[in-house]
Amino acid sequence: MSTVTGESSTMTTRLEACGVTVRFGGLVALDGVDLTVPPGAVVGLVGPNGAGKSTLFAVLSGLLRPDAGQVRMGGEDVTRASASARARRGLARTFQRPELFSGLTVREHVVLADRVRHRGGRILRDLVTGGGFRRPSAAENERVDAVLDALRLGDLRNREVSGLPLGACRLVEVARALATGPEVLLLDEPSSGLDTRETGELAATLARVNADHGVSLLLVEHDVEMVLGMCGTVYVLDFGAMIRSGPPEEIRSDPAVRAAYLGTERPSRTSPSISTAQGAVPDEESR
Ligand SMILES: Nc1ncnc2c1ncn2[C@@H]1O[C@H](COP(=O)(O)OP(=O)(O)OP(=O)(O)O)[C@@H](O)[C@H]1O
């Protein structure tokens with residue numbers, strides 16, 4: 001990406017996809033896709049079923065290497081960097097189905113993440129020697145409590161995560177991610193399985209995390225309303241192509257976006273296996 005003066009603007013972005021193409025056999029799942037996550041931004045990625053959202057998420061998080069194009073962090077090419085190498089550079093993620101350790105408490109999840117950040121490779125030695133389970137130091141307690149309080153998880157801190165409601169498990173994942181000190185947090189379908197009230201609460205919490213910690217957020221979501229409500233910039237994928245990006249008010253009224261969601265005026269298909277679009281972009285009147 002260049003400015004009109006030809007000066008590269010990539011140093012101002014935390015995470016970037018540049019011309020990313022992914023093919024699965026004859027199917028073009030992503031076709032030269034661009035996406036930018038600036039510092040402190042809340043960015044959303046939406047699209048009908050089969051549009052390529054999960055594929056782009058996998059490329060950005062380092063689980064899938066693209067056939068063409070680049071992924072950059074802070075302007076540096078990380079396309080060939082592993083997921084763990086990207087994590088060390090400040091990328092964290094949550095999962096559609098929370099990946100937590102059932103025997104550990106909420107607090108222990110965050111303590112472990114804090115130790116990964118502050119003790120680095122020594123945590124492996126600690127786990128072998130039993131040091132990983134030592135009592136947290138005063139400094140660790142202070143940092144962990146700050147994260148738990150930020151996510152309003154204080155009352156649940158000593159509860160084992162097994163048995164917690166899904167909404168709380170999602171917050172534990174976010175807390176664990178925050179404790180690693182990320183610059184960018186990728187959220188994979190954060191509203192999945194939550195009801196309207198829980199989704200609203202989660203959106204408010206994420207907005208607070210973004211405002212208070214300056215962490216850039218990228219949400220990949222089926223819940224278009226959640227994305228339009230909380231993101232400053234929304235990207236819309238359809239059939240592997242980025243058909244629009246812009247502020248929510250533009251996206252909401254864009255004819256191409258509405259057509260993509262309503263399944264009309266579709267571009268020609270690259271594969272007959274692509275499923276029918278579901279859901280619709282809500283208009284202002286129906287909100
Ligand atoms: N491993 C794979 N092998 C072959 N085709 C794949 C593979 N993964 C995804 N696809 C295809 O790539 C296209 C994009 O899939 P992807 O899962 O990225 O879409 P999506 O937008 O996340 O869809 P959904 O909203 O339904 O989760 C689809 O046509 C899908 O069938």
Side-chain angles (χ1 to χ4, degrees), residues 15-37 43-71 79 82-83 86 91 93-99 166 170 173 184-194 199 202-203 217-231 233-246 248 251 254 256-282:
L15 180 66
E16 225 178 344
C18 307
V20 164
T21 294
V22 172
R23 296 184 199 92
F24 294 116
L27 173 76
V28 182
L30 292 175
D31 189 7
V33 163
D34 295 329
L35 179 146
T36 299
V37 183
V43 176
L45 174 63
V46 297
N49 287 345
K53 303 180 296 294
S54 303
T55 304
L56 183 55
F57 197 89
V59 168
L60 291 170
S61 55
L63 298 177
L64 183 66
R65 194 156 294 164
D67 294 292
Q70 279 191 349
V71 177
T79 317
S82 65
R86 292 181 205 196
L91 192 69
R93 67 165 292 178
T94 64
F95 294 85
Q96 206 173 115
R97 287 200 351 229
E99 303 277 344
L166 180 62
R170 289 215 192 283
E173 270 207 316
V184 188
L185 176 54
L186 305 184
L187 297 140
D188 189 1
E189 301 279 355
S191 80
S192 172
L194 302 185
T199 299
L202 180 67
L217 305 179
L218 173 62
L219 286 80
V220 177
E221 251 303 330
H222 270 109
D223 186 338
V224 181
E225 191 55 38
M226 179 194 193
V227 170
L228 292 176
M230 68 174 289
C231 295
T233 304
V234 179
Y235 286 82
V236 186
L237 266 176
D238 190 28
F239 282 101
M242 201 66 90
I243 58 168
R244 285 293 181 273
S245 65
I251 296 298
D254 189 285
V257 175
R258 302 186 72 79
Y261 271 88
L262 295 171
T264 55
E265 300 171 33
R266 315 284 304 205
S268 61
R269 294 179 147 196
T270 46
S271 161
S273 67
I274 294 175
S275 58
T276 311
Q278 289 182 353
V281 184

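Whatever order the structure lists them in is the order used to number ligands and atoms, beginning at 1.
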* Asked: Can P48 be said to touch ligand 1, with heavy atoms closer than 4.0 Å?
  ->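 True for this residue.
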
* Asked: Within less than 4.0 angstrom of ligand 1, does G52 place any heavy atom?
  ->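 In this structure, G52 qualifies as a contact of ligand 1 - some heavy atom is under 4.0 Å.
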
* Asked: How close do M242 and V33 get, heavy atom to heavy atom, and via which atoms?
  ->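 Closest approach of M242 to V33, heavy atoms only: CE-CG1, 3.4 Å.
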
* To do: Could you pull out the closest heavy-atom pair between I251 and G246, with the gap in Å?
  =>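 Taking I251 first and G246 second, the nearest heavy atoms are CG1-O, 3.7 Å.
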
* To do: Any atoms of ligand 1 less than 4.0 Å from a non-hydrogen atom of A29? List them with their elements.
  =>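 It comes down to these atoms of ligand 1: 12 (O).
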
* Just distances here: any N/O of L27 and N/O of ligand 1 closer than 3.5 Å? ->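 Min N/O separation from ligand 1 is not below 3.5 Å for L27.
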
* Looking only at distances, please establish whether an N/O atom of ligand 1 is found under 3.5 Å from an N/O atom of A51. =>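 By distance alone, the answer is yes.
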
* **Shortest heavy-atom approach to atom 4 (C) of ligand 1 - which of F57, F239, F24** =>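 Looking at heavy atoms only, F24 sits closest to atom 4 (C) of ligand 1.
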
* Asked: Which of the listed options, A58, G25, S54, G240, holds the heavy atom that is closest to atom 17 (O) of ligand 1?
  ->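 It is S54 that holds the nearest heavy atom.
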
* Got a sec, which residues hit side chain to side chain donor-acceptor pair (under 3.5 Å) with T21, two or more places apart in sequence or on another chain? ->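 With neighbours one apart ignored, the set is empty.
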
* **Under the side chain to side chain donor-acceptor pair (under 3.5 Å) test, residues paired with S82 that sit two or more places apart** =>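 With neighbours one apart ignored, the set is S84.
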
* Asked: CG of D31 to CG of D67: how many Å apart, nearest 0.5 Å?
  ->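 One gets 11.0 Å once the value is rounded to the nearest 0.5 Å.
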
